[in-house]
There are 2 protein chains.
Amino acid sequence: MINTRVAVAVHILALIASKPHDDLTSDYIASSVNTNPVVIRRLLGMLKKAELIQTTAGKAGASLTRDPADISLLDVFHAVEPKDNLFAVHGNPNPHCPVGKGIRRALDEAFGAAQDALERKLSSETIDGILHQLFDKA
Amino acid sequence: MINTRVAVAVHILALIASKPHDDLTSDYIASSVNTNPVVIRRLLGMLKKAELIQTTAGKAGASLTRDPADISLLDVFHAVEPKDNLFAVHGNPNPHCPVGKGIRRALDEAFGAAQDALERKLSSETIDGILHQLFDKA
DNA sequence: TATTGATGTAACAAAAATAGTTACATCTAG
DNA sequence: CTAGATGTAACTATTTTTGTTACATCAATA
């Protein structure tokens with residue numbers, strides 16, 4: 001199972017996008033997410049490093065660097081999940097076994113294709129889409 | 001990142017499929033995977049519970065319950081990954097916050113669709129496909 | 001310009017998930 | 001009956017994730 005960082009990061013970005021005029025503090029965000037403010041600030045740091053948001057040290061508030069429609073869940077995923085591969089593969093399979101010898105390559109291909117499918121879908125989903133889910137009357 | 005169980009389970013099934021005549025012991029499989037035999041036996045237990053393989057207590061060897069072309073990586077994934085949801089979502093977001101109130105549903109939809117995409121791809125990949133990767137001349 | 005309240009981060013602690021190990025009951029086959 | 005295997009529980013170790021404490025630093029303003 002993938003960690004909650006992606007979910008929390010989307011929550012954070014939805015807050016920022018939906019309250020562009022407020023000065024969102026990490027304390028307020030934390031109370032909405034229901035966690036510790038430092039957890040929020042850590043994620044804000046990652047989102048900033050990924051250039052999805054802007055913040056100023058000492059000053060409350062954060063803003064998106066681009067339109068919510070141009071921030072995909074894949075962007076968020078990559079921002080908070082440093083690992084390249086979705087699936088972990090066991091190390092050092094036995095090279096003297098015909099299966100062990102080639103399994104790494106086979107798994108990398110199969111899992112890579114699956115990850116591609118996931119990422120394609122994630123790249124089609126945006127923060128703007130989340131906002132619509134949250135606020136549009138169906 | 002998803003645990004190595006899926007990768008190891010595919011490795012195991014590829015071994016079983018490729019050595020239908022040998023009496024594969026958990027010790028041999030462990031030496032190919034490069035781990036402890038008990039780890040293998042645990043996974044064999046899950047694969048058996050998912051009805052992908054058959055084994056006999058006390059007797060070496062395992063066999064697939066159906067053709068390698070009819071065992072998808074999605075079958076394997078579900079066999080060794082009990083959790084339904086690929087993405088974890090933080091619990092108890094604040095219902096008094098407009099975003100916190102609806103975020104769960106929005107995330108479930110977005111992540112659910114992404115998981116669907118992943119699973120569709122995994123269901124199109126089979127143990128037979130892995131065998132071809134391993135043994136076919138390209 | 002001193003105070004208040006915020007961010008940024010390091011360091012640590014706690015909790016949860018994963019993987020590895022030991023031990024042993026039980027079964028199969030010779 | 002014995003040798004060697006599976007099936008599983010219980011424990012340990014490791015790693016990852018999440019939560020917390022502490023504090024340096026910055027911004028705004030009274």
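Below, chains carry the letters A, B, ... as their sequence lines are ordered, and counting in each starts from 1. Since this is a predicted model, take the numbers as computed values, not measurements.
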Legend entry - The single option from B:Asp75, B:Leu131, B:Ile53 passing side chain to side chain contact (heavy atoms under 4.5 Å, CB included) against B:Leu13: B:Ile53

Inset, instruction - Using a cut-off of strictly less than 4.0 Å, decide whether A:Thr25 has a side-chain nitrogen or oxygen near OP1 or OP2 of C:dA6. - result: no

Inset, instruction - Mind checking the CG-CD spacing from A:Asp84 to A:Gln115? Nearest 0.5 Å is all I need. - result: 8.0 Å

Inset, instruction - Whole angstrom is fine here: how far is it from CE in B:Met46 over to P in D:dA9? - result: 12 Å

Legend entry - Atom pair NZ/SG of B:Lys19 and A:Cys97 - distance to nearest 0.5 Å: 5.0 Å

Inset, instruction - Could you tell me whether the side chain of A:Thr4 and the main chain of A:Ala7 form a donor-acceptor pair under 3.5 Å? - result: no

Legend entry - Rounded distance in Å - CE (B:Met1) to C1' (D:dT14): 15 Å

Inset, instruction - Send over the distance from A:Leu44 CG to C:dA6 P, rounded to a whole Å. - result: 14 Å

Legend entry - Rounded interatomic separation in angstrom, taking CD1 from B:Ile16 and P from D:dT6: 11 Å

Inset, instruction - For B:His11 and B:Ser32, test the side chains for any donor-to-acceptor distance below 3.5 angstrom and give the result as yes or no. - result: yes

Inset, instruction - Take atom CG of A:Asn85 and atom C1' of D:dT16, then tell me their distance rounded to the nearest Å. - result: 17 Å

Legend entry - Nearest-0.5 Å distance, CD1 of residue A:Ile71 to CZ of residue A:Arg66: 5.5 Å

Legend entry - Euclidean distance, atom CG of residue B:Asp23 to atom P of D:dT6 [Å, nearest integer]: 10 Å

Inset, instruction - Using a heavy-atom cut-off of under 4.0 Å over every strand shown, decide if A:Lys48 touches base, sugar-phosphate, or nothing. - result: sugar-phosphate

Legend entry - Under 3.5 Å donor-acceptor, B:Ser72 side chain and B:Ser124 backbone: no

Inset, instruction - Measure from CG on A:Leu24 to C1' on C:dG5 and round the result to the nearest Å. - result: 16 Å

Inset, instruction - Whole angstrom is fine here: how far is it from CZ in B:Phe87 over to P in D:dT17? - result: 13 Å

Legend entry - Base versus backbone protein contacts along nucleotides 19-29 of chain C [heavy-atom cut-off under 4.0 Å; B, S, -]: SBBB----BSS

Legend entry - Nucleic acid contacts - residues 8-15 of chain B versus DNA chain C, non-hydrogen atoms under 4.0 Å: none

Inset, instruction - With rounding to the nearest 0.5 Å, note down the distance linking CG in B:Leu73 to NZ in B:Lys121. - result: 10.5 Å

Inset, instruction - Starting at CZ of B:Phe77, measure out to CZ of A:Phe87 and round the result to the nearest 0.5 Å. - result: 5.5 Å

